[in-house]
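Scroll down for the structure; my scribbles are underneath it.
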Amino acid sequence: VNKTYSSVIKTFDNYKALVITYDDPDFSYVRFFCVSNIHKSIISGFFEYKKSDKEQVTKQVDHLLKGIKFKKSRHY
């Protein structure tokens with residue numbers, strides 16, 4: 001099986017994101033898991049795309065991650 005894999009932890013204002021990318025022979029994938037700094041909220045997502053779209057998808061995922069905002073809840 002020919003797969004490539006990478007992962008990185010990115011830090012933003014009020015959360016951290018684990019971003020995992022990997023390829024198989026036909027498609028590429030991005031998974032992300034965002035955890036708020038107070039560890040009360042999680043957002044996750046998954047993208048499957050053609051390898052030829054990698055540059056565009058990378059930009060879109062970065063834009064999405066930068067736009068995530070965890071709001072403080074009165075229940076915490």
Next item on the list: Under the side chain to side chain donor-acceptor pair (under 3.5 Å) rule, collect the residues that match up with Tyr29, sequence neighbours excluded.
Entry: Asp24

Notebook entry, point to check: So how far is it from Thr4 OG1 to Asp23 CG, rounded to the nearest 0.5 Å?
Noted result: 3.0 Å

Item checked: Same apolar cluster: Ile42 and Ile38, side chain cutoff 4.5 Å -> no

Next item on the list: Please answer: with hydrophobic residues joined when any side-chain heavy atoms are less than 4.5 Å apart, are Val35 and Ile43 in the same cluster?
Entry: no

Next item on the list: To the nearest 0.5 Å, tell me how far Phe12 CZ sits from Phe70 CZ.
Entry: 10.5 Å

Check: What closest approach, in Å, do Phe33 and Ile20 show between heavy atoms, and which atom pair accounts for it?
Finding: CE1-CD1, 4.1 Å

Checklist line | Heavy-atom closest pair, residues Lys51 and Ser28 | finding: CG-OG, 3.3 Å

Checklist line | Sequence-distant partners of Ser52, side chain to side chain contact (heavy atoms under 4.5 Å, CB included), two or more places apart | finding: Lys50

Please list every donor-acceptor pair under 3.5 Å in which a side-chain atom of residues 57-64 meets a protein atom from a residue at least two apart or in another chain.
from: Thr58; atom 1: OG1; to: Lys54; atom 2: O; distance (Å): 2.8
from: Asp62; atom 1: OD1; to: Lys10; atom 2: NZ; distance (Å): 2.8

Next item on the list: With rounding to the nearest 0.5 Å, note down the distance linking NZ in Lys16 to CD1 in Ile9.
Entry: 7.0 Å

Checklist line | Separation between CG of Asp13 and OG of Ser36, rounded to the nearest 0.5 Å | finding: 13.0 Å

Notebook entry, point to check: Does Tyr5 share a hydrophobic cluster with Phe46, counting links as ILVMFWY side-chain heavy atoms below 4.5 Å and allowing steps through other members?
Noted result: yes

